[in-house]
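Below is one structure, written out as structure tokens, with a few remarks after it.
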Amino acid sequence: MTNQPPDWLHFWQRPFPSANTLLIEDEKPVLIDSGFGRDVPALLRWLQRSAIAPERLWLLVNTHYHSDHVGGNAHLQSHFQIHIPAHRWEGQLINNHDPEAWSARFLQQPVEPYHVDQFLEDGDELVTGKHALRVVHTPGHTLGHLSFYLPEDKLLICGDAVHHDDVAWINPFREGAGALERAMQSLERLAQLDIRLAVSGHGPMLTRPQEAIERARQRYEQWVHEPEKVGWHACKRIFAYALMIHHGLLRDRVSDYLLSCPWFRDYSRSLFHTEPEPFVPLFLKEMLRSGAATWQDEPLVATTPYTISPDQQRTGVLLVSLLNIDRRGNKDGG
Ligand SMILES: [Zn+2]
Ligand SMILES: [Zn+2]
């Protein structure tokens, strides 16, 4: 048995800010994770090139509700009436228009609203025809994070529960105290499964999935005794992602931006026991030291490769020039 992906599994390894997208081609085709909202045109082109037109999709399932995984949901649901299931704990927030849904306000990553049509639980099965996806509730990164296991194929779809060379960032403020311990328990659970290939939410497929699961578990285990590591890792990932979606931040906007973010205030106070203002220079120093961000002439940009849309390119340049004028003209840059 090889660990090559089967031909009915269409895998699209997407650069940030989108998460990877998967398509299970079967009698009832299923799309897993729809990427960042701005990347919908690219998603539609990919679907067009694949064997399945969006109208034929049976379900659009998300591993969890973060903006990089669900951003295309609203468009696909409104244009193609696609059914969207999710874990109850995330689905209810979304359907109740709770301001905490998607952690969108906390992260400052807005998501276009959609409706969750069905609540999934651990042990549920989604039978697509020849294949069956077993729902494995893997809380930690988010409370309603789901993985999908196809026992016949020894295939695991694990979203942000396991990555090739990183671990998922931990958010005790929105996903609850004990989020780290839950993430570890989820990994222990996945370690029990017979898996030959795993598809992660970011990066390449995992051809040695059990090794990746064990690496992640060991890293989390170190964090149990050093909670600041939870904070450094999360803050760096969240801010790098923000730099990608804003396509860089100008030097004199960085501090105001960070201080406006609920996540920055919560992590600095609770995990670093520092007020947000004095934490800004410490945090920026670490972003630069670790290589997570760099000054590219004027804006601070993320170093991890990411894509920008042609529209964003234009607005990005425009924004940079407008803010430069603002600075020279002493106007309020907003
Ligand atoms: Zn993700
Ligand atoms: Zn995530």
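Each ligand, and each atom within it, is numbered from 1 in the order the structure gives. All values reported here derive from a predicted model rather than from experimental measurement.
- Among E214, Q222, R215, the single residue meeting the side chain to side chain donor-acceptor pair (under 3.5 Å) criterion with Q218 is E214.
- Protein N/O/S atoms found under 2.8 Å from the Zn ion (ligand 2): H64 NE2, H66 ND1, H141 NE2, D160 OD2.
- Within the 4.5 Å cutoff, the side chain of Y114 has no heavy atoms near those of the L76 side chain.
- Between the side chains of H64 and D33, no donor-acceptor pair of N or O atoms lies under 3.5 Å.
- To the nearest 0.5 Å, the span separating NE2 on H145 from CH2 on W89 amounts to 14.0 Å.
- At a threshold of 4.5 Å between non-hydrogen side-chain atoms, the residues V127 and L133 do not count as touching.
- S186 places a side-chain N or O within donor-acceptor distance of the main-chain N or O of R182, the cut-off being under 3.5 Å.
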